[in-house]
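For ligands, and for the atoms within them, numbers begin at 1 and follow the listed sequence. Basis for what follows: all heavy atoms, side chains included, without hydrogens, waters or symmetry-related copies.
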Amino acid sequence: MTDTAVQAAHTADAAPVAHRRLRFNILRYNPQDTGSVPRMQTYELEEADGMTLFIALNEIKEKQDPSLQYDFVCRAGICGSCGMLINGRPTLACRTLTKNLDAEITLAPLPFFELIGDLSVDTGKWMRGMSERLEGWLHAKGPEPDLRRLEERMDPAVADQVYELDRCIECGCCVAGCGTARMREDFVGAVGLNRVARFKIDPRDRRSDEDYYEVIGDDDGVFGCMSMLACHDVCPKNLPLATQIAFMRRKMVAIGWKK
Ligand code: SF4
Ligand code: F3S
Ligand code: FES
């Protein structure tokens, strides 16, 4: 390369990168305000390098509209609080880079859950209710929790299986994307079925297979699932949801389970 060519290449390297102008169409509605009417509101901003939807929404809130409601806690795909419909797909906003989206972006709250306002929904309330119905916690063996047993060494292969299902962050994306959940108010969703599967393989849990089937062996559980697979597609943690559900259903059918 000649000196002139090298210089030209350096000049090209140093040239500022032209950023896109992003247009956000956001569903606005505040159910707490009796005068509020659902509507789409549009905001524009200049894209920045490495911009996530978390950064973009913060910029809109800081510079354009402090009334905009949305949830973020960890910004790292861990807390599960930032699930929303991004161009119609339930996803974590904090893990979504704007560079992977078109310049026109539509945001709406996750359906199915109680709306707090704009993009903020109360997934926690629904998750608590689901967990109480399924008793989605460890039922330790013995009359009193045996702390020594809880700390007992677990077979590494089993521990891996438990850990795999334990990665659920309760973001609600699987429920928001599920057709059955739209039709059956009490459907426990892939998140609930995953919770049961998690304790079912945990050797510290004292419940029998029949105990688990009792809580999920009906149309609000495993038999309500119509294998639509959206849960599997949208889960940001890539949990093997459809596989787990199909496995539990096969087990129940094999023993002729009826509730
Ligand atoms: Fe979210 Fe996946 Fe858990 Fe569903 S199973 S709540 S999509 S992490
Ligand atoms: Fe819903 Fe997933 Fe079943 S999307 S219908 S829970 S496979
Ligand atoms: Fe915690 Fe997105 S802010 S998962």
Side-chain angles (χ1 to χ4, degrees), residues 50-58 61 68-86 88-98 107 109-113 116 119-131 134 136 161-201 216-250 252-253:
M51 181 177 253
T52 61
L53 283 183
F54 164 74
I55 295 169
L57 285 169
N58 270 1
K61 192 173 174 84
L68 184 63
Q69 295 186 71
Y70 53 87
D71 296 312
F72 286 96
V73 178
C74 71
R75 311 175 213 171
I78 297 168
C79 73
S81 66
C82 67
M84 59 183 71
L85 289 186
I86 300 169
R89 182 184 170 86
T91 318
L92 296 183
C94 72
R95 306 301 290 164
T96 302
L97 291 164
T98 55
L107 302 179
L110 287 185
F112 189 78
F113 299 103
I116 295 171
L119 303 173
S120 171
V121 294
D122 191 344
T123 49
K125 188 172 169 187
W126 186 87
M127 292 290 170
R128 265 194 311 283
M130 174 273 291
S131 185
L134 298 179
Q161 284 179 304
V162 172
Y163 173 72
E164 168 77 349
L165 305 188
D166 240 355
R167 292 184 304 110
C168 171
I169 54 172
E170 299 194 348
C171 62
C173 289
C174 57
V175 185
C178 173
T180 299
R182 302 283 184 95
M183 291 182 282
R184 285 189 171 277
E185 201 185 330
D186 292 329
F187 184 53
V188 298
V191 57
L193 298 172
N194 178 70
R195 177 82 68 95
V196 171
R198 177 252 176 269
F199 286 109
K200 193 169 170 315
I201 54 176
I216 55 162
D218 60 13
D219 287 349
D220 289 330
V222 158
F223 295 111
C225 166
M226 295 185 286
S227 303
M228 291 178 173
L229 304 184
C231 54
H232 205 88
D233 287 346
V234 301
C235 176
K237 294 294 172 182
N238 297 317
L239 292 176
L241 300 172
T243 318
Q244 285 298 330
I245 296 170
F247 178 71
M248 289 192 287
R249 187 164 38 213
R250 273 202 308 276
M252 283 186 241
V253 169

Atom indices of ligand 3, in the order listed, that fall short of 4.0 Å to a heavy atom of Phe72: 3 (S)
Residue pair Lys200 / Leu165, side-chain heavy-atom distance below 4.5 Å: no
For Gly77, atoms of ligand 3 separated by under 4.0 Å from a heavy atom: 4 (S)
Sphere of radius 2.8 Å around atom 2 (Fe) of ligand 2 - protein N, O or S atoms inside: Cys231 SG
ring-ring contact (aromatic ring centres under 6.0 Å, His included) partners of Phe187, counting only residues at least two apart: none
Test item: Thr91 and Cys171 side chains (from C-beta on) under 4.5 Å apart, heavy atoms: no
Distance, nearest 0.5 Å, that separates CD of Glu170 from NZ of Lys237: 13.0 Å
Which atom of Pro90 lies closest to which atom of Leu110, heavy atoms considered: CB-CD2, 3.8 Å
Shortest reach to atom 2 (Fe) of ligand 3 by a heavy atom, considering only Ala93, Cys82, Gly83: Cys82
Audit row: Arg75, Thr52, side-chain hydrogen bond (donor to acceptor under 3.5 Å, both in side chains) steps and yes/no: CA-CA 9 Å; Arg75 311 175 213 171; Thr52 61; over 6 Å; no
Tyr70 versus Leu119, closest heavy-atom pair with distance: CB-CB, 3.9 Å
Sub-4.0 Å atoms of ligand 3 with respect to non-hydrogen atoms of Gly80: 1 (Fe), 4 (S)
Numbered atoms of ligand 1 (with element) below 4.0 Å of Pro236, judged on heavy atoms: 7 (S)
Proximal ligand 3 atoms for Cys94, defined as those under 4.0 Å from one of its heavy atoms: 2 (Fe), 3 (S), 4 (S)
Opening angle at atom 1 (Fe) of ligand 3 [SG, Cys79; SG, Cys74; to 10 degrees]: 110°
Shortest non-hydrogen contact from Val73 toward Cys79: CB-SG, 3.5 Å
Reported CG-to-OG1 distance for the pair Asp219 and Thr180, which is rounded to 0.5 angstrom: 9.5 Å
Residue list, salt bridge (charged side-chain N to carboxylate O under 4.0 Å, His left out) with Arg167, at least two apart or on another chain: Glu164
Pairwise distance SG(Cys178) to CG(Leu229) - rounded to 0.5 angstrom: 10.0 Å
Sub-4.5 Å side-chain heavy-atom contact between Leu239 and Gln244: no
Distance from atom 3 (S) of ligand 3 to nearest protein heavy atom, with residue and atom: Arg75 N, 3.1 Å
Where ligand 3 meets Val73 - atom numbers and elements under 4.0 angstrom, heavy-atom basis: 3 (S)
Ile78: numbered ligand 3 atoms lying under 4.0 Å from its heavy atoms: 4 (S)
Student check: side-chain heavy atoms of Val191 and Met127 closer than 4.5 Å: yes
Within-2.8 Å protein N/O/S contacts of atom 4 (Fe) of ligand 1: Cys174 SG
Contact summary for Arg195 and Ser131, nearest pair of heavy atoms: NH1-OG, 2.8 Å
